[in-house]
Amino acid sequence: MNIIKLIKEEYTKIINENKSQLDFNWREDIPNDIQSKMNIEGDDVVLYHYGTDKNTGYLDPHQAKPNTYTKDFEQWGLKRIFFYVNPLDKERIVTGNEYIIKYPLNKLYPFNSDPFNFYDDCKKEFEEKGNIFNVNAQVRCIGNKVKNSGFGGMIFKWGNTLRVDIWEKVKV
């Protein structure tokens with residue numbers, strides 16, 4: 001293996017390992033127009049989920065099953081729970097009990113502003129391998145980088161609002 005390529009790979013690995021949720025500050029790094037769409041209480045955001053906790057008191061992504069309205073469930077390669085930032089955003093097709101949780105903002109990675117440049121990292125990795133960097137590849141790669149950086153989920157623009165996907169078990 002080329003020594004320069006090896007050094008570059010190790011350098012990239014060190015940088016990625018040092019990107020973590022602890023380096024991120026919502027108040028400074030997220031535009032006000034995005035923050036204004038969320039119900040923020042202190043350091044938490046209020047989120048809404050519709051489904052079932054199976055009488056466990058927790059929403060667990062490993063217990064979640066894809067529905068007809070969650071077609072991208074498998075494409076990401078990460079089991080996750082979908083949340084709305086506003087209960088009025090719930091689509092008519094979505095059913096189940098309403099669960100309201102408060103989740104720490106610093107545990108949510110802002111997908112659209114991508115402060116750690118995961119998009120660029122993933123695109124470069126795919127191009128170097130000669131692979132096509134389509135939407136599914138983007139979210140799968142970025143999602144894994146976000147998770148490996150210690151975030152519990154991502155928040156992203158979704159239509160005229162925001163959606164939150166969380167891949168850790170949360171208490172309801």
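Because the structure is predicted, anything quoted here is derived from the model rather than measured.
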Enumerate, atom names and distances included, each donor-acceptor pair closer than 3.5 Å involving a side-chain atom of residues 82-89, sequence neighbours excluded.
from  : atom 1 : to     : atom 2 : distance (Å)
Tyr84 : OH     : Glu91  : OE1    : 2.4
Asn86 : OD1    : Leu88  : N      : 2.8
Asp89 : OD2    : Thr161 : OG1    : 2.7

Requested in this report: Just do the side chain to side chain contact (heavy atoms under 4.5 Å, CB included) check on Leu105 and Asp43 with the steps written out, would you?
Outcome: CA-CA 6 Å; Leu105 280 169; Asp43 293 328; 5.8 Å; no
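- When all heavy atoms are compared, the tightest approach of Gly153 to Val146 is O-CG1, 3.9 Å.
- When side chains are defined from C-beta on, Val45 does not count as touching Val164, because their heavy atoms never get closer than 4.5 Å.
- When the side-chain hydrogen bond (donor to acceptor under 3.5 Å, both in side chains) test is applied to Asp114, the partners found at least two apart in sequence or on another chain are Tyr109.
- The backbone N or O of Leu78 lies less than 3.5 Å from a partner atom in the side chain of Arg80, making a donor-acceptor pair.
- Residues Gly57 and Asp53 come closest through the heavy atom pair N-OD2, 3.2 Å.
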Requested in this report: Start with the C-alpha distance between Leu162 and Met38, add both sets of side-chain angles, then the distance that settles side chain to side chain contact (heavy atoms under 4.5 Å, CB included), and finish with yes or no.
Outcome: CA-CA 8 Å; Leu162 301 166; Met38 301 182 293; 3.7 Å; yes
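- A salt bridge does not link Lys123 with Asp121: every distance from a Lys NZ or Arg NE/NH1/NH2 to an Asp or Glu carboxylate oxygen is 4.0 Å or more.
- Atoms CG and CG, on Asn134 and Asn131 in that order, are 9.5 Å from each other to the nearest 0.5 Å.
- For Tyr58, the ring-ring contact (aromatic ring centres under 6.0 Å, His included) test picks out no residue, with sequence neighbours left out.
- To the nearest 0.5 Å, atoms CG (Asp60) and CD1 (Ile81) are separated by 6.5 Å.
- Using a distance-only test at 3.5 Å, with no hydrogens or angles considered, a donor-acceptor pair links the side chain of Trp167 to the main chain of Phe151.
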Requested in this report: Kindly indicate, with the supporting measurements, whether the criterion salt bridge (Lys or Arg N to Asp or Glu O under 4.0 Å) is fulfilled by Lys107 and Glu168.
Outcome: CA-CA 10 Å; Lys107 291 185 77 176; Glu168 62 183 12; 2.6 Å; yes
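- In summary, the side chains of Asp44 and Tyr103 do not present any donor paired with an acceptor at a separation below 3.5 Å, with no hydrogens or angles considered.
- Judged by distance alone, with hydrogens and angles left aside, the side-chain atoms of Thr52 form a donor-acceptor pair with the main-chain N or O of Lys54 at under 3.5 Å.
- Remark: Lys102 engages Glu41 in a salt bridge (Lys or Arg N to Asp or Glu O under 4.0 Å) (not counting sequence neighbours).
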Report task. Under the side chain to side chain contact (heavy atoms under 4.5 Å, CB included) rule, what do Ile166 and Leu47 come out as? Steps first, then yes or no, please. Result -> CA-CA 11 Å; Ile166 296 175; Leu47 301 173; 3.9 Å; yes
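- Ring geometry, Phe111 versus Phe156: the interplanar angle exceeds 60°, so the pair is classed perpendicular (tilted spans 30 to 60°).
- No donor-acceptor pair under 3.5 Å is formed between the side chain of Asn117 and the backbone N or O of Asp120.
- Annotation: side-chain hydrogen bond (donor to acceptor under 3.5 Å, both in side chains) contacts of Asn55 (sequence neighbours excluded): none.
- Rounding to the nearest 0.5 angstrom, the gap separating the CG atom in Asp165 from the CE atom in Met154 is 6.5 Å.
- Under the side-chain hydrogen bond (donor to acceptor under 3.5 Å, both in side chains) criterion, Glu98 pairs with Tyr50, not counting sequence neighbours.
- The backbone N or O of Lys157 lies less than 3.5 Å from a partner atom in the side chain of Asn112, making a donor-acceptor pair.
- Using a 4.0 Å cut-off between charged side-chain N and carboxylate O, Glu125 and Lys145 make a salt bridge.
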Report task. Please test Ser149 against Phe118 for side chain to side chain contact (heavy atoms under 4.5 Å, CB included), starting from the C-alpha separation and ending with a verdict. Result -> CA-CA 10 Å; Ser149 293; Phe118 289 136; 3.3 Å; yes
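- Between Ile101 and Val46 there is no side-chain heavy-atom pair separated by less than 4.5 Å.
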